[in-house]
Amino acid sequence: MDDATHTELEALVGDWLTVPDLAEELGMSLRQVRQMIADREIVAARVGERNVVAVPASFVQDGAVVTPLMGTVTVLSDAGFSDEEAIRWLCTPDETLPIDGAPIDMLRAGRKTEVRKRAMEEAF
């Protein structure tokens, strides 16, 4: 991803959690958080001047990863999305959604069915 694309993604997401911040937020060790990223339970991107691994803060709710996130990431991955593309899709506001905001806002509200349906449509 080029610098302009990185900057655009960083701006779109806004608030990011680095691996140490995420570990603290989830009450886990750094190793456990890195394993979650490796297992794609949560997706991350390299951001900032130091190019650190971070996840959108909106992917965490009440001290845990948003429950339906992993399955949605799997659907997007099956559609050929990279981690950065999945983050962009999840965080891009969509005025056609039944609630204001982006797909991640729908997931946070417990409305995974509509989001996954739209994610599956991306594959075709």
Side-chain angles (χ1 to χ4, degrees):
M1 202 167 28
D2 63 34
D3 287 345
T5 306
H6 264 293
T7 304
E8 183 185 310
L9 183 63
E10 289 173 33
L12 173 68
V13 171
D15 293 330
W16 293 84
L17 295 170
T18 62
V19 170
D21 293 338
L22 182 60
E24 184 176 324
E25 185 80 23
L26 300 177
M28 302 174 114
S29 70
L30 293 174
R31 183 188 60 76
Q32 289 171 307
V33 168
R34 286 187 187 106
Q35 191 61 51
M36 285 178 65
I37 293 169
D39 292 343
R40 303 192 83 225
E41 293 176 33
I42 193 166
V43 284
R46 292 198 168 269
V47 298
E49 290 179 17
R50 295 187 354 246
N51 208 29
V52 297
V53 174
V55 302
S58 61
F59 288 6
V60 177
Q61 184 175 31
D62 300 326
V65 175
V66 174
T67 306
L69 182 64
M70 186 172 134
T72 305
V73 167
T74 299
V75 171
L76 291 169
S77 177
D78 289 349
F81 281 57
S82 68
D83 288 355
E84 291 84 7
E85 289 167 335
I87 292 169
R88 181 179 312 283
W89 188 86
L90 286 161
C91 295
T92 298
D94 182 346
E95 58 191 43
T96 68
L97 291 173
I99 65 171
D100 286 341
I104 188 61
D105 299 312
M106 291 277 293
L107 295 179
R108 291 172 62 89
R111 309 228 1 225
K112 74 178 180 187
T113 305
E114 176 71 17
V115 173
R116 294 226 181 124
K117 181 178 135 207
R118 289 172 184 238
M120 284 184 224
E121 290 170 357
E122 293 292 326
F124 300 103

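Note that these values count all heavy atoms, side chains included, but never hydrogens, waters or copies made by symmetry. Because the structure is predicted, anything quoted here is derived from the model rather than measured.
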State, yes or no, whether a side-chain contact exists between L76 and E85 at a heavy-atom distance under 4.5 Å. no
For residues 54-72, run the donor-acceptor check on the side chains, cut-off 3.5 Å, and write out each pair with its distance to 0.1 Å, sequence neighbours left out.
unit_1: Q61; atom_1: NE2; unit_2: R108; atom_2: O; d: 3.3
unit_1: T72; atom_1: OG1; unit_2: P68; atom_2: O; d: 2.9
unit_1: T72; atom_1: OG1; unit_2: R116; atom_2: NE; d: 3.0

Pairwise distance CG(L107) to OG1(T113) - rounded to 0.5 angstrom: 10.0 Å
Minimum side-chain heavy-atom gap S77-D83 below 4.5 Å: no
Before accepting this row, confirm whether a basic side-chain N of the pair R118/E114 lies closer than 4.0 Å to the acidic partner's carboxylate O. yes
Side chains of V115 and W89 in contact at under 4.5 Å (non-hydrogen atoms): yes
Qualifying residues under side-chain hydrogen bond (donor to acceptor under 3.5 Å, both in side chains), relative to D39, sequence neighbours excluded: Q35
How long is the gap from CG on L17 to CG on L26, to the nearest 0.5 Å? 8.0 Å
For a quick test of reading the model, state the closest non-hydrogen atom pair linking V53 to A44 and the distance between them. CG1-CB, 3.6 Å
Apply side-chain contact (heavy atoms from CB on, under 4.5 Å) to V19 and L30, showing your working. CA-CA 7 Å; V19 170; L30 293 174; 3.9 Å; yes
Report the C-alpha separation of W16 and I87 in whole Å, then their side-chain angles, then the decisive distance to 0.1 Å, and conclude whether the side-chain contact (heavy atoms from CB on, under 4.5 Å) test is met. CA-CA 11 Å; W16 293 84; I87 292 169; 4.2 Å; yes
Under a 4.5 Å cut-off applied to non-hydrogen side-chain atoms, are R40 and T74 in contact? no
Full working for side-chain contact (heavy atoms from CB on, under 4.5 Å) between L97 and D105: CA-CA 10 Å; L97 291 173; D105 299 312; over 6 Å; no
Tell me whether the count of non-hydrogen atoms from other residues, nucleotides or ligands lying under 6.0 Å of CD in E24 goes above 12. no
For A45 and E84, which heavy atoms make the closest approach, and how far apart are they? CB-CG, 4.1 Å
Heavy atoms of G48 and E10 approach each other most closely as N-OE2, 3.0 Å
What pair of heavy atoms forms the shortest contact from C91 to L12, and how long is it? O-CD1, 3.7 Å
Hey, which of M28, R34, M36 is the one that makes side chain to side chain contact (heavy atoms under 4.5 Å, CB included) with Q32? M28
